[in-house]
Visitor: 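Please see the structure below; I have some questions.
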Amino acid sequence: MPELPEVETIRRIIERELSGQHVDEVVVRLPKLLRNSPIPSLDPIVGQELVSARRRAKVLILDFGEDLTLMIHLKLAGQVAVIHSDGRRFVAGHPVPDPSGPYPHKSTHVEIRFAADSVLYISDLRQFGWFRLMPRTEVDQALDSFKFGPEAFGPEMVTLDYLRDRLIRRSIPIKTALLDQSVLAGLGNIYVDEALHRARIHPAISANVVTGDSLNSLHEAIGWALNEGVRQGGAKIVHNKAYPVDGFPAVHGRAGEPCLNCGAEVEKIRIGSRGTYLCAVCQPEPMPAKDGNRNRR
DNA sequence: TGCGTTGTTTCACC
DNA sequence: CGGTGAAACAACGC
């Protein structure tokens, strides 16, 4: 499911393979995915040049011509494929439909054909994603409305000090706090589990007790997990089961399998109504404060 | 067949 | 009132 690393991988593919090309034709097979789109049709991009591919958190931002911008959120099952006329193809995001199979597919909802016969196929098995076409002038305002915190990855990555400020007054589970896109933007369920595992922090502990060296490790681990995801072009997870590459992911999607750090059996629990994977050996639950302890001295 | 899946929104509660 | 947790919602595959 497309989280930040998958979206970043898609952004890089589009930038590299399609920027500078002009749109020849647009096919929208499922118009309802243009939910709340300021411009209710994709037709205006026909004839326009794809000038840049940007990303903010998990939102993909494609700029067309002088003044049009298409925002895309792939939610949990979006997939993007670029296929050139010579047959070369580049696919990232959700692993279904089969990236090596024929396109368009039953769940390919938008097709953007370019003048040089390259085609951008956007698929979404679950149909939870959305497309919004708007004047370029409205982009900042649209992004503001999402109330994103600092980026979780890249040159604009959230600083340790900012993270400390945002966590210190929260008593919700650290995992829940990290998934709050207004705290930091772009971390999702897969990579938060991996970052907490790397930092050896139990996902259920209160956010305000993650301090000092532990918080430092967490900050480093967030960057590490997302970078590892980008390096691999997205984690390989099919039907909620992970297929680790180079030991990553180490816990997410691996319930009942050995932790790739220590060999203990990976557990699955629920935190904030999210499926949560952890290694109880690498990420011990801190001793609950007992009345006896609290009263002693 | 009901469950799991994400991000967003809404609601009850203290 | 704000912080919190839980539920509803979008839709589909297994």
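Side-chain atoms are counted along with the backbone in the values below, which use heavy atoms only and exclude waters and symmetry mates. Keep in mind it's a predicted model, so treat the numbers as computed, not measured. The chains referred to below are lettered A, B, ... by the order of the sequence lines, with proteins before strands, and numbering in each begins at 1.
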Visitor: Between A/Asp193 and A/Val251 (side chain of the first, backbone of the second, donor and acceptor by atom type, cut-off under 3.5 Å), is there such a pair?
Guide: no

Visitor: To the nearest 0.5 Å, what is the distance between CG on A/Leu4 and CG on A/Leu226?
Guide: 5.5 Å

Visitor: For the CG atom of A/Asp140 and the OG1 atom of A/Thr69, what is their distance to the nearest 0.5 Å?
Guide: 9.5 Å

Visitor: Rounded to whole angstrom units, what separation is found between the CD atom of A/Gln181 and the P atom of B/dT8?
Guide: 6 Å

Visitor: Are any of A/Asn240's side-chain N or O atoms less than 4.0 Å away from OP1 or OP2 of B/dG4?
Guide: no

Visitor: Not counting sequence neighbours, which residues clear side chain to side chain donor-acceptor pair (under 3.5 Å) with A/Asp144? List them please.
Guide: none

Visitor: Under 4.0 Å between a side-chain N/O of A/Lys268 and OP1 or OP2 of B/dT5, yes or no?
Guide: yes

Visitor: Tell me, please, whether A/Tyr103 has A/Arg89 positioned over its six-membered ring: NZ or CZ under 6.0 Å from the ring centre and within 45 degrees of its axis?
Guide: no

Visitor: Can you list everything that forms a side chain to side chain donor-acceptor pair (under 3.5 Å) with A/Glu111? Sequence neighbours excluded, please.
Guide: A/Arg29, A/Arg113

Visitor: Could you write out each protein N or O paired with an N or O of nucleotides 9-14 of chain B at a distance under 3.5 Å?
Guide:
none

Visitor: Output the rounded distance in Å from CD1 (A/Ile190) to P (B/dT6).
Guide: 8 Å

Visitor: Please list, chain by chain and in numerical order, all residues satisfying side chain to side chain donor-acceptor pair (under 3.5 Å) with A/Ser41, sequence neighbours excluded.
Guide: A/Asp43

Visitor: Please name all residues satisfying side chain to side chain donor-acceptor pair (under 3.5 Å) with A/Asp98, sequence neighbours left out, ordered by chain then number.
Guide: A/Ser100

Visitor: One character per nucleotide, please: for nucleotides 5-14 of chain C, 5' to 3', B when the base has a protein heavy atom closer than 4.0 Å, S when only the sugar-phosphate does, - otherwise.
Guide: S----BBBSS

Visitor: How close or far is atom P of B/dT8 from atom CG of A/Asp180, stated in whole angstroms?
Guide: 10 Å

Visitor: Tell me: CG of A/Leu179 to P of C/dT4, nearest whole Å?
Guide: 15 Å

